[in-house]
Amino acid sequence: QVQLEESGGGLVQAGGSLRLSCAVSGRTFSKDSMGWFRQAPGKVHEFVAAISWSSGSTYYRDSVKGRFTISRDNVKNTVYLQMNSLKPEDTAVYYCNADPAESIATIFSPHLDWGQGTQVTVSS
């Protein structure tokens, strides 16, 4: 059974930092590109960042470029999202997901059911 377990969220003031983690079990993690998404109240999931399993290339939505960094540890089956210079508009529930496609340069397609997510709240 595939499990996604996100953690690391919390309440932080604008300008602060958080590091999110997503532990994956039940899949061959090293052959999955991994992505982070977020969902604000009343909105759909939106793409935040992704890291390719095949090339290690990383991709970000424009609004987080230069502030967020995605990374992965294939030994621990975990993907991370380092978030710096947080803004109130980053407030959302953050989720991870997997895409087994070899190339995610044009699109990252979540393949798994969403996990519980982790709440990030940035106060102004």
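What you see is a predicted model; the values in this text were computed from it and never measured.
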Partners of Arg27 by salt bridge (charged side-chain N to carboxylate O under 4.0 Å, His left out), sequence neighbours excluded?
Asp32
Note, Ser17 side chain near Gln82 side chain (heavy atom, < 4.5 Å):
yes
Identify the heavy atoms of Thr118 and Gly9 that sit nearest to each other, and give their distance.
OG1-N, 2.9 Å
Residues passing the side-chain contact (heavy atoms from CB on, under 4.5 Å) test with Glu46, sequence neighbours excluded, are Arg38, Arg61
Give me the other members of the hydrophobic cluster that Phe47 sits in, counting Ile, Leu, Val, Met, Phe, Trp and Tyr linked by side-chain heavy atoms under 4.5 Å, directly or via other members.
Phe37, Tyr59, Val93, Tyr95, Ile104, Phe108, Trp114
Suppose the criterion is salt bridge (charged side-chain N to carboxylate O under 4.0 Å, His left out): which pairs have a residue in residues 70-88, not counting sequence neighbours?
none
Answer yes if the side chains of Gln119 and Thr121 hold a donor-acceptor pair under 3.5 Å, and no otherwise.
yes
All heavy atoms of Ala14 vs all of Ser124, minimum pair found to be CB-CA, 4.4 Å
Would you confirm whether Ser33, through its side chain, and Trp53, through its main-chain N or O, come within 3.5 Å as a donor-acceptor pair?
yes
Suppose clustering is done on Ile, Leu, Val, Met, Phe, Trp and Tyr with side-chain heavy atoms closer than 4.5 Å. Which residues sit in the same group as Val24?
Val2, Leu4, Val12, Leu18, Leu20, Phe29, Met34, Trp36, Val48, Ile51, Tyr60, Val64, Phe68, Ile70, Val79, Leu81, Met83, Leu86, Tyr94, Leu112, Val120, Val122
Taken to the nearest 0.5 Å, the spacing of Ser52 OG from Glu102 CD works out to 8.0 Å
Listed by chain and number, what are the side-chain contact (heavy atoms from CB on, under 4.5 Å) partners of Gln116, not counting sequence neighbours?
none
If you draw a 6.0 Å radius around CD in Glu89, do more than 12 non-hydrogen atoms from other residues or ligands fall strictly inside?
yes
